[in-house]
Amino acid sequence: MQLTHHARFGGCAAKIGPGDLSSVLCGIDIPENANVIVGLKGFEDAGVYRLSDDLAIVQTVDFFTPVVNDPYWFGKVAAANALSDIYAMGARPITALNIVCFSLKRFGAPVLREILRGGIDTIKESGACLLGGHSVEDEEIKYGLSVTGVIHPRRIVRNEGAQPGDLLVLTKPLGTGILVTAMKGNLVSKETEERLIAVMATLNYRASEVMLSTGAHAATDVTGFGLAGHLKEMIKDALGVEVYADKLPYFPEAALLAESGFFPKGFYSNRDFYTPYVEAETGGFPLDLIFDPQSSGGLLIALGKADIDRFREEASKVSLDFRVIGRFIEEPRGIIRIK
Ligand code: CO
Ligand code: CO
């Protein structure tokens with residue numbers, strides 16, 4: 001998932017997000033296979049294919065245009081973002097391939113080298129191996145990864161599966177879309193910029209481990225469709241969710257920019273698309289935050305109410321920051337209620 005040009009191929013199901021390309025596939029025959037556990041349907045973070053009764057591979061691909069000016073850190077953020085879909089499914093990444101769109105003539109080899117060095121450092125941190133990649137000549141820089149992970153077929157954490165009464169947990173602060181855009185115009189303080197880059201480059205590895213060890217019911221990562229869009233994928237039309245506006249974690253400087261009406265383009269398409277599914281008593285900030293497209297955002301986890309103490313304990317062991325930002329409810333179905 002990504003900030004701009006976000007598109008996904010979701011089969012012929014109902015349109016679930018702005019830029020959704022599922023209708024393009026309508027009428028095209030996609031071969032079925034009994035070993036496909038997670039395929040085009042359901043808008044999951046990654047695909048899952050069963051190799052044997054106790055082993056499945058999880059595959060995803062993600063690349064985007066630079067979100068930070070420093071090429072090394074762009075490489076790190078892009079790699080963390082690509083790996084995130086593997087972690088959101090509860091899988092372990094094992095191999096990665098570079099995807100590179102770059103013009104050597106225009107930007108020079110040292111810039112590409114730095115992007116790739118950043119990517120490799122993050123791949124190393126994840127424990128996966130880099131096996132190769134592919135590059136095309138492009139006037140606009142893009143970088144990302146195709147990642148393969150492994151998982152036990154019965155331990156897959158999907159985006160659906162939350163139960164009424166489950167708590168909603170978020171593991172990274174919101175507002176990265178606003179800040180990434182503002183950073184390009186040098187509108188962000190050095191201090192916030194450093195924190196933002198560190199947050200985006202942080203792997204969702206620890207969040208995934210804690211989620212697995214506490215038996216989370218469902219999870220996804222917050223990316224281009226913002227909190228509202230990815231929450232909608234979790235509830236679909238099966239249940240509802242309450243979000244406590246005063247519990248939402250965010251970058252303070254993003255709040256200031258939002259108050260002055262500074263939003264990225266993706267914010268508006270998210271807001272237009274998801275507003276019909278949102279019930280809120282007031283507008284403005286912090287409601288705006290739920291539509292902000294995120295780059296390399298945190299995990300959004302549905303956790304049984306009884307498991308929260310253990311989650312807190314496991315999270316503190318690995319210094320994972322998180323917030324309980326809401327809870328799933330039975331009615332109204334398909335609606336995100338902001339309180
Ligand atoms: Co993705
Ligand atoms: Co995702």
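Because only heavy atoms are used, hydrogens play no part in the values below, and waters and symmetry mates are left out as well, while side chains stay in. In listed order, ligands and their atoms are each counted from 1.
In this structure a side-chain-to-backbone donor-acceptor pair under 3.5 Å is missing from Asp53 to Pro153. With hydrogens and angles disregarded, no donor-acceptor distance shorter than 3.5 Å links the side chain of Glu32 to the backbone of Ile30.
Nearest N/O/S atom of Asp85 relative to the Co ion (ligand 2): this is OD1. Take the N/O/S atoms of Asp45: the one nearest the Co ion (ligand 2) is OD1. Take the N/O/S atoms of Asp221: the one nearest the Co ion (ligand 2) is OD1.
A side-chain N or O of Glu253 and one of Ser189 form a donor-acceptor pair less than 3.5 Å apart.
Here salt bridge (charged side-chain N to carboxylate O under 4.0 Å, His left out) pairs that include residues 269-281, with residues two or more places apart or in two chains, are Glu279-Arg337.
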